[in-house]
Amino acid sequence: TDIANNQITYEHNSSETLSDAFTVALRDEPVFPDPENIVPITVSAVITAVNDAPIISSPGVTLNEAATTSIGTASLTSTDTDNEDLELLYQMTLATTNGQLFNSGVQLTTAAPNNTFTQADLVDGNITYTHDGTETTGDVFEFTVTDAFATDIGTGSTGGASVGGSLIITVLTTNDT
């Protein structure tokens, strides 16, 4: 009666698996089961993958006035269970105003082709920020992170889920006398 009344449900554990199965034992008599009357039935489930959006952690970075610092994963990181670091693409949407960002020595801007870097670039230590030496106490840049190389298994479309964020840069001023 539970099956007939739709009282049996299945809940996926949110992992990245695309299939699952479980076995139920059906019996014909309600009170004293005879082992010969129990029939095991395997129920298979096909899981439709969902493209999860990246999760950003951006505690920020601190440096001295006129200094250069590496922006690594302690300062900025994104994770996504669907993607590898090389597939998480940052796109600058607002550039810094009191310094410059670089990816392996190439200045990052908000204009293509120099407006993107990957999580792998952060892991590898390729991203740096150089303060311009002015008497400012901070800077910021804004970005979106996209799992840009993802393919939706259900629809076959490419592109991905994206989320916006920012990195706050704290500048410790020095006495210039």
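Keep in mind it's a predicted model, so treat the numbers as computed, not measured. This chain uses plain numbering: 1 for the first residue, then up along the sequence.
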Mind running side chain to side chain contact (heavy atoms under 4.5 Å, CB included) on Ser19 and Val46 for me, showing each step along the way? CA-CA 5 Å; Ser19 64; Val46 175; 5.7 Å; no

Candidate pair Thr173 and Thr137, rule side chain to side chain contact (heavy atoms under 4.5 Å, CB included), full reasoning: CA-CA 6 Å; Thr173 57; Thr137 58; 4.0 Å; yes

Should Leu76 and Leu122 be marked as a side chain to side chain contact (heavy atoms under 4.5 Å, CB included) after you check the CA-CA gap, both sets of side-chain angles, and the distance that decides it? CA-CA 8 Å; Leu76 175 61; Leu122 290 165; 4.0 Å; yes

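Here Asp82 contributes atom CG and Asp147 contributes atom CG; the two are 6.0 Å apart, rounded to the nearest 0.5 Å. Going from atom CD1 of Ile169 over to atom OG of Ser75 covers 9.0 Å, rounded to the nearest 0.5 Å. Rounding to the nearest 0.5 Å places CD of Glu11 at 7.5 Å from OG1 of Thr9. Atom OG1 of Thr128 is separated from atom CZ of Phe102 by 6.0 Å, given to the nearest 0.5 angstrom. Here CD of Gln91 is found 11.5 Å from CG of Leu108. Values are rounded to the nearest 0.5 Å. Here CD1 of Ile47 is found 8.5 Å from CG of Asn13. Values are rounded to the nearest 0.5 Å.
Between the Asn83 side chain and the Asp80 main chain, no donor and acceptor come within less than 3.5 Å of each other. Side-chain atoms of Asp132 come within 3.5 Å of backbone N or O of Thr134 as a donor-acceptor pair. Formation of a donor-acceptor pair under 3.5 Å by the Asp139 side chain with backbone atoms of Asn98 is found in this model. Within the 3.5 Å criterion, the main-chain N or O of Thr146 finds no donor-acceptor partner in the side chain of Tyr90. Proximity of a side-chain donor or acceptor of Gln119 to a complementary backbone N or O of Leu86 within less than 3.5 Å is not detected. Judged by distance alone, the side chain of Thr93 and the main-chain N or O of Glu142 form a donor-acceptor pair under 3.5 Å.
Side-chain contact between Leu94 and Phe143 is absent, with no heavy atoms from C-beta onward closer than 4.5 Å. A 4.5 Å side-chain heavy-atom check between Phe22 and Asp20 finds every atom pair outside the cut-off. Put simply, the side chain of Thr118 does not reach to within 4.5 Å of the side chain of Leu88, judged on heavy atoms.
A continuous path of hydrophobic side-chain contacts links Phe141 to Val163 [ILVMFWY only; heavy atoms under 4.5 Å].
Within a 6.0 Å radius of CD1 in Ile168, other residues, nucleotides and ligands contribute 12 heavy atoms or fewer.
Shown here for Ala161 and Ala53, the closest heavy-atom pair between the two residues is CB-CA, 3.5 Å.
Tyr129 and Thr96 form no side-chain donor-acceptor contact under 3.5 Å, judged by distance and modelled atom types alone.
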Let me have the donor-acceptor pairs involving side chains of residues 55-71, under 3.5 Å, with sequence neighbours excluded, atom names and distances please.
| residue | atom | partner | partner atom | Å |
| --- | --- | --- | --- | --- |
| Ser58 | OG | Ser166 | O | 2.7 |
| Glu65 | OE1 | Thr174 | N | 3.1 |
| Thr68 | OG1 | Thr130 | OG1 | 2.8 |

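When Asn103, Leu101, Val106 are each tested for a side chain to side chain contact (heavy atoms under 4.5 Å, CB included) with Phe117, only one passes: Asn103.
The stretch residues 104-116 participates, sequence neighbours left out, in no side-chain hydrogen bond (donor to acceptor under 3.5 Å, both in side chains) pair at all.
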